[in-house]
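The next block holds one structure in the form of structure tokens; read it before the comments.
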Amino acid sequence: MQKEEVEMGGGGGEAQMEIVGKAFVKHYYGLFDAGSRPALAGLYHPSTSILSFEGRRFDGADSIGRHLSELPFDLCRHMVATVDCQGSPFAAGGILVFVTGSLQLSGEEHSLSFSQMFQLVQTTEGRFYVQNDIFRLNYG
């Protein structure tokens with residue numbers, strides 16, 4: 001499977017993590033909202049990535065891609081409110097990305113609040129893939 005990893009140039013530090021994290025978020029939700037959910041599988045590791053989606057666990061890029069493709073709506077629009085990024089001490093060059101916002105499903109009157117956390121892991125080539133992804137709708 002060919003990966004559609006996010007690439008980072010040289011350097012590092014907090015500013016670079018913010019740039020990479022925010023670019024990833026823009027790319028991820030851009031694909032999702034354009035109806036290209038099957039392409040999201042390319043952002044995950046074929047065997048080790050994990051998605052927790054509303055309490056359900058999916059392992060590996062194929063399973064994750066299948067689940068995202070089979071969500072029971074056609075179009076969706078994410079409106080990102082915040083993106084927070086931190087270095088991950090457990091994965092050299094890794095980045096934790098926490099996103100809050102709302103999403104609007106086509107045909108629905110009200111938007112839904114959500115939170116999503118990604119752990120991006122850097123490859124030896126300087127690219128990133130999603131190792132962990134946790135998604136929750138926020139009710140209340």
Side-chain angles (χ1 to χ4, degrees):
M1 168 186 285
Q2 184 177 359
K3 290 185 183 181
E4 191 177 323
E5 298 164 322
V6 177
E7 189 168 354
M8 177 171 118
E14 294 294 320
Q16 191 68 23
M17 281 188 287
E18 287 285 325
I19 291 168
V20 171
K22 289 180 178 178
F24 168 78
V25 167
K26 182 177 180 182
H27 180 65
Y28 182 91
Y29 294 120
L31 287 173
F32 196 109
D33 295 352
S36 301
R37 287 181 278 171
L40 292 172
L43 298 174
Y44 296 86
H45 188 275
S47 59
T48 65
S49 291
I50 301 168
L51 166 65
S52 294
F53 190 94
E54 289 292 299
R56 294 183 58 207
R57 180 177 166 143
F58 302 90
D59 295 286
D62 289 342
S63 177
I64 293 168
R66 190 169 34 261
H67 174 68
L68 295 175
S69 296
E70 294 173 354
L71 290 171
F73 51 85
D74 291 325
L75 294 176
C76 172
R77 185 171 58 109
H78 289 83
M79 292 146 295
V80 173
T82 64
V83 177
D84 296 303
C85 303
Q86 294 180 356
S88 175
F90 301 108
I95 304 171
L96 293 174
V97 181
F98 183 70
V99 182
T100 64
S102 59
L103 58 93
Q104 183 72 48
L105 300 177
S106 62
E108 295 293 324
E109 184 179 343
H110 300 286
S111 61
L112 302 167
S113 295
F114 76 93
S115 298
Q116 191 160 13
M117 188 282 304
F118 301 96
Q119 180 176 13
L120 305 179
V121 173
Q122 191 172 21
T123 67
T124 56
E125 296 84 23
R127 297 173 181 221
F128 288 87
Y129 65 88
V130 179
Q131 176 58 46
N132 300 91
D133 179 354
I134 300 171
F135 175 89
R136 281 281 183 182
L137 291 172
N138 301 325
Y139 300 103

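Since the model is a prediction, treat every value here as computed from it, not as a measurement. Only heavy atoms go into these numbers, but all of them, side chains included; no hydrogens, no water, no symmetry mates.
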Step by step, would you call Phe73 with Glu108 a side chain to side chain contact (heavy atoms under 4.5 Å, CB included)? CA-CA 10 Å; Phe73 51 85; Glu108 295 293 324; over 6 Å; no

Is any side-chain heavy atom of Arg127 less than 4.5 Å from a side-chain heavy atom of Gln122?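 No, too far: nothing below the 4.5 Å cut-off.
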
Find out whether Leu103 and Phe32 are in side-chain contact, i.e. whether some heavy atom of one side chain is under 4.5 Å from a heavy atom of the other.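 Not touching, per the 4.5 Å side-chain cut-off.
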
With a 4.5 Å cut-off on side-chain heavy-atom distances among I, L, V, M, F, W and Y, is there a chain of contacts connecting [X] to [Y]?
X: Leu31; Y: Leu75; value: no
X: Leu137; Y: Val80; value: yes
X: Met17; Y: Phe98; value: no
X: Leu40; Y: Phe135; value: yes
X: Leu96; Y: Val83; value: no

Please lay out, stage by stage, how Arg56 and Glu54 fare under the test side chain to side chain contact (heavy atoms under 4.5 Å, CB included). CA-CA 6 Å; Arg56 294 183 58 207; Glu54 289 292 299; 5.9 Å; no

Tell me whether Glu18 is salt-bridged to Lys22, with the criterion being a basic N under 4.0 Å from an acidic carboxylate O. yes

Gap between atom [atom2] of [Y] and atom [atom1] of [X] - 0.5 Å precision:
X: Phe114; Y: Tyr139; atom1: CZ; atom2: OH; answer: 13.0 Å
X: Phe118; Y: Cys85; atom1: CZ; atom2: SG; answer: 11.0 Å
X: Asp133; Y: Leu43; atom1: CG; atom2: CG; answer: 10.0 Å
X: Ile64; Y: Phe53; atom1: CD1; atom2: CZ; answer: 12.0 Å
X: Met117; Y: Ser52; atom1: CE; atom2: OG; answer: 8.0 Å
X: Tyr129; Y: Leu120; atom1: OH; atom2: CG; answer: 10.5 Å

Can you name the side chain to side chain donor-acceptor pair (under 3.5 Å) partners of Asp84, sequence neighbours left out?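 None.
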
Quick one: side chain to side chain donor-acceptor pair (under 3.5 Å) partners of Thr124, sequence neighbours excluded? none

Answer yes or no: is there a donor N or O on one side and an acceptor on the other, between the side chain of Asp33 and the main chain of His78, under 3.5 Å?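 Confirmed, Asp33 side chain pairs with His78 backbone.
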
Report the C-alpha distance between Val99 and Tyr28 in whole Å, list the side-chain angles of each, state the deciding distance to 0.1 Å, and finish with yes or no for side chain to side chain contact (heavy atoms under 4.5 Å, CB included). CA-CA 11 Å; Val99 182; Tyr28 182 91; over 6 Å; no

Side chain to side chain contact (heavy atoms under 4.5 Å, CB included) for Leu68 and Leu51? Distances and angles first, verdict last. CA-CA 10 Å; Leu68 295 175; Leu51 166 65; 4.2 Å; yes

With sequence neighbours excluded, residues passing salt bridge (charged side-chain N to carboxylate O under 4.0 Å, His left out) with Asp59: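 Result, salt bridge (charged side-chain N to carboxylate O under 4.0 Å, His left out) vs Asp59: Arg57.
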
